[in-house]
Every structure is written in structure tokens, then in C-alpha cells.
Amino acid sequence: MRYEVNTKLSPQEALQQALHHFGPEGMGLEIVDQNASCLVFEGGGGHVAVTACPGDTAKAKTRIELETREWDYAVRQFMDQVH
């Protein structure tokens, strides 16, 4: 499933929040790929990919795109936290 949310966080802050939410200290997923704009986690038979891009307006500093399999509830929780 694919999701998208806008946030006032910077792209770097958004990825840091994703790391805390989904990573070893949060949901316990393993980080399998990481770069300046994307994090990919795996575990529990599924995955979560988080991409943070600069937003189009002053209100939405960052657009976060999320793709998941088996982690929809955790993704929706994350979206509520950063929105």
C-alpha cells in the first residue's frame, strides 16, 4: 500500500522521526537501505519504505511518501504523528 502525508518537519527531521518510529528502538524493524532522502525497513514478513522530499508550499515543508506491506497500522500511526 502507498501513502503520502505533508508535514512541517524538514526532510531530515522527517527521516529521523521515521528511524525512531520504525527502527530498532521503535517497531524493531531492520534498516536495509538508507540515503539522504529515503529509509527502507524490513521485518515481520513485510517492509516500510519512507521517502522525504521538499514540499511545494511554506505550510508543507516536506512531503513524505510511504510504501508498506504488512505494516499499514504502524504507517498510519506515523503519519498521524508527523502531520
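All values below were derived from every heavy atom in this structure, side-chain atoms included, with hydrogens, water molecules and symmetry-related copies excluded. Position 1 is the first residue of the sequence, and the numbers go up from there.
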| Neighbour count above 12 (heavy atom, 6.0 Å) for Glu25 CD | no

| request: Please go through Met27's hydrophobic cluster and name the other residues, only I, L, V, M, F, W, Y counting, with side-chain heavy atoms under 4.5 Å joining them. | output: Met1, Tyr3, Val5, Leu9, Leu15, Leu19, Phe22, Leu29, Ile31, Leu39, Phe41, Val48, Val50, Ile64, Leu66, Trp71, Val75, Phe78, Met79, Val82

| message | Suppose we screen for ring pair (Phe, Tyr, Trp, His ring centres under 6.0 Å). Which residues come up paired with His47, at least two apart in sequence or across chains? | response |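 Partners of His47 by the ring pair (Phe, Tyr, Trp, His ring centres under 6.0 Å) criterion come out as none, since no residue qualifies.
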
| message | Tell me the closest heavy-atom pair linking Ser10 and Thr62, and the distance in Å. | response |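 The pair with the smallest heavy-atom distance is C-OG1, 3.1 Å.
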
| query | Closest approach of Cys53 and Pro11, non-hydrogen atoms and distance? | reply | C-CG, 4.3 Å

| All pairs passing salt bridge (charged side-chain N to carboxylate O under 4.0 Å, His left out) where residues 67-83 contributes a residue, at least two apart |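 Listed by first then second residue: Arg2-Glu67.
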
| From Thr7 atom OG1 to Gln17 atom CD, the distance as rounded to the nearest 0.5 Å | 8.5 Å

| query | Do we see a donor-acceptor contact under 3.5 Å between the side chains of Gln16 and His20? | reply |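 Checked: Gln16/His20 side chains pair up, N/O donor to acceptor below 3.5 Å.
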
